[in-house]
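The block underneath contains the structure these notes are about, expressed in structure tokens.
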Amino acid sequence: MNEKETEKPVTFGKTFGTRLKELREDKGLRQNDMAKICGIAVASYANWEQGRALPPLNQIPVLADFFEVSADYLLGVSKKEAADRLASRMQNLPEDSRAIVQSLVDKLMEKNN
């Protein structure tokens, strides 16, 4: 089995939908209200909550901002999962490529501190 076949797929639908519904209900809004806010049909919004569809990529930050949460939270991506996935991918790079990536990360860290 190659690495692609063993890597855990990233799935967002159900987690995203569950969180979207919880956030909507916390604000006391109905699906109809959210559909109007998003400028879409109620059925489309309902599909987001039910995990049958995801919104267009440009809607994710808009929803995150509206609900005052991060896009990662909406999509169900934890920092630990993201870090583990990155570490796993790094291990599969040739040594010289790992050194380049590490150098870039170090420079970014210096710049942001």
Side-chain angles (χ1 to χ4, degrees):
M1 206 178 263
N2 69 32
E3 182 183 331
K4 288 274 186 201
E5 293 170 357
T6 60
E7 189 173 301
K8 181 181 172 188
V10 178
T11 57
F12 300 116
K14 287 291 184 189
T15 301
F16 174 82
T18 301
R19 292 195 173 164
L20 193 62
K21 181 178 180 180
E22 289 170 355
L23 291 165
R24 174 183 58 79
E25 289 175 344
D26 286 348
K27 283 196 174 262
L29 299 171
R30 297 171 297 143
Q31 286 184 344
N32 187 42
D33 300 323
M34 285 305 301
K36 285 180 184 174
I37 290 167
C38 294
I40 60 172
V42 176
S44 295
Y45 183 82
N47 283 336
W48 296 355
E49 283 193 3
Q50 293 164 8
R52 287 192 230 134
L54 288 171
L57 194 54
N58 64 349
Q59 282 284 76
I60 302 292
V62 173
L63 289 165
D65 187 53
F66 178 80
F67 289 117
E68 299 176 346
V69 297
S70 71
D72 284 349
Y73 174 80
L74 264 181
L75 294 170
V77 177
S78 74
K79 290 180 182 178
K80 181 175 179 354
E81 288 171 342
D84 289 349
R85 198 166 33 252
L86 179 60
S88 173
R89 289 181 177 167
M90 284 282 292
Q91 290 302 319
N92 296 318
L93 291 174
E95 183 61 38
D96 58 333
S97 295
R98 274 190 297 217
I100 291 170
V101 172
Q102 186 61 52
S103 173
L104 289 170
V105 169
D106 291 344
K107 288 194 185 299
L108 286 169
M109 295 299 290
E110 288 172 16
K111 183 179 179 179
N112 290 317
N113 285 332

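Atoms considered below: every heavy atom in the structure, side chains included; atoms not considered: hydrogens, waters and symmetry mates.
- Of the possible polar contacts, none joining the R19 side chain to the L75 backbone as a donor-acceptor pair under 3.5 Å is found.
- D33 places a side-chain N or O within 3.5 Å of a backbone atom of R30 that can act as its donor or acceptor partner.
- Interatomic distance, Y45 OH to M34 CE, rounded to the nearest 0.5 Å: 4.5 Å.
- The heavy-atom pair separating N58 from V62 by the smallest distance is O-CG2, 3.5 Å.
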Set out, in order, the CA-CA distance, both residues' side-chain angles and the distance that settles side-chain contact (heavy atoms from CB on, under 4.5 Å) for W48 and L54, then state yes or no. CA-CA 5 Å; W48 296 355; L54 288 171; 5.8 Å; no
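- Counting heavy-atom neighbours within 6.0 Å of E68 CD, excluding the residue itself, gives a total of 12 or less.
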Do E95 and R98 pass the salt bridge (Lys or Arg N to Asp or Glu O under 4.0 Å) test, and can you show the C-alpha distance, the side-chain angles, and the key distance before you say yes or no? CA-CA 5 Å; E95 183 61 38; R98 274 190 297 217; 2.6 Å; yes
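- Here the closest non-hydrogen pair linking S88 and N92 is O-ND2, 3.1 Å.
- A71 and A64 make their closest contact through N-CB, 3.8 Å (heavy atoms, listed as atom of the first residue, atom of the second, distance).
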Step by step, would you call L20 with F67 a side-chain contact (heavy atoms from CB on, under 4.5 Å)? CA-CA 9 Å; L20 193 62; F67 289 117; 3.6 Å; yes
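- A 4.5 Å side-chain heavy-atom check between C38 and L63 finds at least one atom pair inside the cut-off.
- Side-chain contact between L93 and R89 is absent, with no heavy-atom pair separated by less than 4.5 Å.
- Clustering ILVMFWY residues whenever any of their side-chain heavy atoms sit less than 4.5 angstrom apart, transitively, puts F16 in the very cluster that holds I37.
- Here the closest heavy-atom approach between residue L29 and residue R24 is recorded as O-NH1, 2.8 Å.
- For the atom pair OG of S44 and CZ of R52, the computed distance is 11.0 Å after rounding to the nearest 0.5 Å.
- Note: the hydrophobic cluster containing I100 does not contain M109 (ILVMFWY, side chain heavy atoms under 4.5 Å, direct or indirect links).
- Annotation: cation-pi geometry satisfied between K27 and F66 (NZ/CZ under 6.0 angstrom from ring centroid, within 45° of ring axis).
- Around the CG atom of L57, the shell of radius 6.0 Å holds no more than 12 heavy atoms that belong to other residues, nucleotides or ligands.
- Between T18 atom OG1 and L74 atom CG the span is 11.5 Å, to the nearest 0.5 Å.
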